[in-house]
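Worksheet for the structure shown next.
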2 protein chains.
Amino acid sequence: MLELTLKYQLCFPMYALSRQVTALYRPLLEPLGLTYPQYLILMLMWEHKKLTVKEIGKELWLDSGTLTPLLKRMEEKGLVERIRDKSDERVVNIHLTESGMLFRNECLDIPSKIQCQLNLNPDQAVALRSQLYELLEVLDKQGT
Amino acid sequence: MLELTLKYQLCFPMYALSRQVTALYRPLLEPLGLTYPQYLILMLMWEHKKLTVKEIGKELWLDSGTLTPLLKRMEEKGLVERIRDKSDERVVNIHLTESGMLFRNECLDIPSKIQCQLNLNPDQAVALRSQLYELLEVLDKQGT
DNA sequence: TGCATTTAAATTGTATACAATATAATTTTG
DNA sequence: CAAAATTATATTGTATACAATTTAAATGCA
C-alpha cells in the first residue's frame, strides 16, 4: 500500500472517480446551462434561500477566488443575486432568485438517475458516503 | 438518498474529498516543483519508462487537451521528453529522463505520509480503494 | 490505386481550483 | 479614540479539465 505505483494509491481512484461522476452529471446539467459546481451551489440555495459567500465556501470547501467568478456567472444567468450586506459591508449575501427557485423542478430526478448509473443500491451508497464524510472530518480537524 | 439536498448526495463528498486529499499532497510536491497530476504521470513513467500520450490518457482518464500542455510543462522541467514516433507520426512517445527517474527518490515517503494524515489503517485503505475501483469499472463499461 | 474514414495530438475557448496579493470594512487593543 | 490586527471579498496569475474543432497521418475499402 505504501508503494510508489499508481495502482496502489488510494488518492488516484478518488481523483479519477470524482471526475467521472461529475461527467455523469454533465449531460443532465448541460441542457439547463449549469455546471456541476453551480448545481452544488443551487442545492445549497434551495435549502437556505440566503447565504454569504463565506458560508457557501465553508460548505463546499471553496474560497472566494473560486466562488466570486462562479457566483458572478450564476448572477448573469439570473439564478442568484449578489447583495452587499448593509450592516457589514465586507459581506456579500447571495440570494436565490425566483428563477433559481424554479430550476429545482428541472433537477428533481437527477439524483436517482446518477445513482442508477453508478449501479449502487441505497445501502451501499449510504455506507460509502459515510466513509467519505469521515475522511473529510479527519481532514477538517487537521486544517484547524 | 434521492433527496435534492447537498448532504444526501454521494457525489459531493467524493468531489470535496478528492480536492482535499490533493491539497494534502501539495506541501509535499510543491518543494519538488510538481503538481498532483504531474506526480501521477511520473508514477506511471517510473513504472513504464515509455508511454504514448494516448496510453497515459487511458490510465489517468485524461484527454490530449489536458495532457498536451501538462506534458509540455513537464518537458520544460526536464522530467520527460516528447518524441514523435518514427513508424507512426501521429503518435507522441513520452520518455522518462534521467532527471525524472531521480525524482522518484524524493517521493518515496509521500504515500506513507498521506496515509498517516488520512488516519486510515492499511485494511481500510485497501477496502476503500477497491470500492472506488469497482465504481470506476462500472463507469468504464458504460463509456464503451 | 484513390478517396473516405478513422485515429492521435494539438489547438481553442470556457470554467473551475487555488495560491498570493490587494482592498475595504470591522474589531481589537493599547 | 487611533493605530494595528483581523476579516470578507475581489483580483491576478497559473494549472488543470474538458468540449469542440483542427491537423496530419494511417487505414480501410471500392
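Naming convention: chains lettered A, B, ... in sequence-line order (proteins, then strands); numbering from 1 in each chain.
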B/Lys54 has an atom NZ; how far is it from atom P of D/dA26, in whole Å?
16 Å
Is the cationic atom of B/Arg129 (NZ for Lys, CZ for Arg) positioned less than 6.0 Å from the six-membered ring centroid of B/Tyr133 and within 45 degrees of its normal?
no
A/Asp109 and A/Ser112: which non-hydrogen atoms are nearest, and at how many Å?
O-OG, 3.1 Å
Would you jot down, in residue-number order, the residues of residues 20-42 of chain A having a non-hydrogen atom under 4.0 Å from DNA chain D?
A/Arg26
If I take atom CG in residue B/Asp88 and atom P in nucleotide D/dA24, what distance separates them, rounded to the nearest angstrom?
15 Å
Is the shortest distance from a Lys or Arg side-chain nitrogen in B/Glu89 or B/Arg84 to a carboxylate oxygen in the other one below 4.0 Å?
no
Atom NZ of A/Lys86 and atom P of C/dA25 are separated, to the nearest Å, by 13 Å
When we call it a touch if two heavy atoms are under 4.0 Å apart, what does B/Ser18 touch: a base, just sugar-phosphate, or nothing?
nothing
Steps toward side chain to side chain contact (heavy atoms under 4.5 Å, CB included) verdict (A/Leu135, B/Leu120):
CA-CA 9 Å; A/Leu135 287 171; B/Leu120 281 173; 3.9 Å; yes
Nearest listed nucleotide, side chain of B/Val91, among D/dT7, C/dA8, D/dT9
C/dA8
Atom CZ of A/Arg19 to atom P of D/dA19: distance rounded to whole Å?
11 Å
Mind checking whether B/Tyr15 and A/Tyr36 have parallel, tilted or perpendicular rings, split at 30° and 60°?
perpendicular
Determine, using the 4.5 Å side-chain heavy-atom cutoff (strictly less than), whether B/Val80 and B/Met101 are members of one ILVMFWY cluster.
yes
Is there a donor-acceptor contact under 3.5 Å from the side chain of B/Gln124 to the main chain of B/Asn121?
yes
As a test of reading the structure: which of D/dA25, D/dT9, D/dA17 is closest to the side chain of A/Tyr15, going by heavy atoms?
D/dA17
Treating B/Thr52 as the side-chain partner and B/Glu55 as the backbone partner, does any N or O pair qualify as donor plus acceptor under 3.5 Å?
yes
Distance, rounded to the nearest Å, where A/Asn93 contributes CG and D/dT9 contributes C1'
12 Å
Does B/Arg90 contact C/dT7 through a side-chain donor or acceptor facing the base, at a distance under 3.5 Å?
yes
How many Å lie between CZ on B/Arg84 and P on D/dT23, as a whole number?
14 Å
Residues in residues 56-81 of chain A with a heavy atom under 4.0 Å of DNA chain D, by number, are A/Ser64, A/Gly65, A/Thr68, A/Lys72
Below 30° counts as parallel, above 60° as perpendicular, anything between as tilted: where do the rings of B/Trp46 and B/Tyr39 land?
perpendicular
